[in-house]
Every structure is written in structure tokens, then in C-alpha cells.
Amino acid sequence: MDEVKKLFNLDQWYGVTLFIGILCIVAPFFKDIVFVNQKHIVGLGIGLIILSIAYIKANRYMNRIENGHIIQWRQTIHDTFTKILVLIGVALTTLFLGLIIYSLI
């Protein structure tokens, strides 16, 4: 299981959403989904992938030297491009998830 987590980068939430987004895009090609519109599932997958890519791009390593030692940590720093990607990803995910829920009601 650890190899799968390392392969798909499932140690962070955006790695999991990337994996779910890929599954949402690929699922209609392998199985005919009857109770939900397949376009909505693909749209949800695209939104999740865009959101994940924005957070992967914004994830940076920071370094600082203290007392002769190098301290390194990960920090999420968004620039204008990643903020736009996050807004587009959240909008698409919310829209298509709402359409899926609306079609199930």
C-alpha cells in the first residue's frame, strides 16, 4: 500500500483529489453509467484535476539556516496563476457536483 501512496502522491489531500478526478474522467469510458449524466462526472473530474494541479504547483520547499543546520519545510504559496486555477477548479467542482446531486433528487 505504501508503494501506491508514493506512486500517486496520496499523502496530501490534493493527491487524493487528483486521483479521484482521473477516475471520474476515465470511468465513463469503461462502464455505462445510467443513473447520472456522464458529462457531469467528466466535468467534476476536470474540476478536481484543475484544483489539484493548482495546489501541486503552489507547494514549495522553503530553506533556512539556523545554528549551522539547514531547516527545510513545505509551504503552500499561491501566485496569481494558481489563485485563478483554484477559483476555476472550485467553480467547476461545485457546479458539476451540484448538477450530479440535482439529477439524483
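- Residues Arg60 and Gln75 have side chains not in contact (no heavy-atom distance under 4.5 Å, counting atoms from C-beta outward).
- Within a 6.0 Å radius of CD1 in Ile70, other residues, nucleotides and ligands contribute 12 heavy atoms or fewer.
- Shown here is Leu104, whose CG atom has more than 12 heavy atoms of other residues, nucleotides or ligands within 6.0 Å.
- A heavy-atom distance below 4.5 Å is not found between the side chains of Val42 and Cys24.
- Residues Leu48 and Leu18 have side chains not in contact (no heavy-atom distance under 4.5 Å, counting atoms from C-beta outward).
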Quick one: do Leu44 and Thr93 satisfy side-chain contact (heavy atoms from CB on, under 4.5 Å)? Show the steps, please. CA-CA 5 Å; Leu44 177 66; Thr93 302; 3.7 Å; yes
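- Between the side chain of Asn37 and the main chain of Lys39, a donor-acceptor pair closer than 3.5 Å is present.
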Between Met62 and Ile77, is the side-chain contact (heavy atoms from CB on, under 4.5 Å) condition met? List the steps. CA-CA 10 Å; Met62 306 298 284; Ile77 302 173; 4.0 Å; yes
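- A side-chain donor-acceptor contact under 3.5 Å links Thr94 to the backbone of Val90.
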Run the side-chain contact (heavy atoms from CB on, under 4.5 Å) check on Thr76 and Tyr55 step by step: do they pass? CA-CA 7 Å; Thr76 304; Tyr55 271 91; 4.1 Å; yes
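- Lys57 places a side-chain heavy atom less than 4.5 Å from the side chain of Asp79.
- In this structure a side-chain-to-backbone donor-acceptor pair under 3.5 Å is missing from Thr82 to Ala58.
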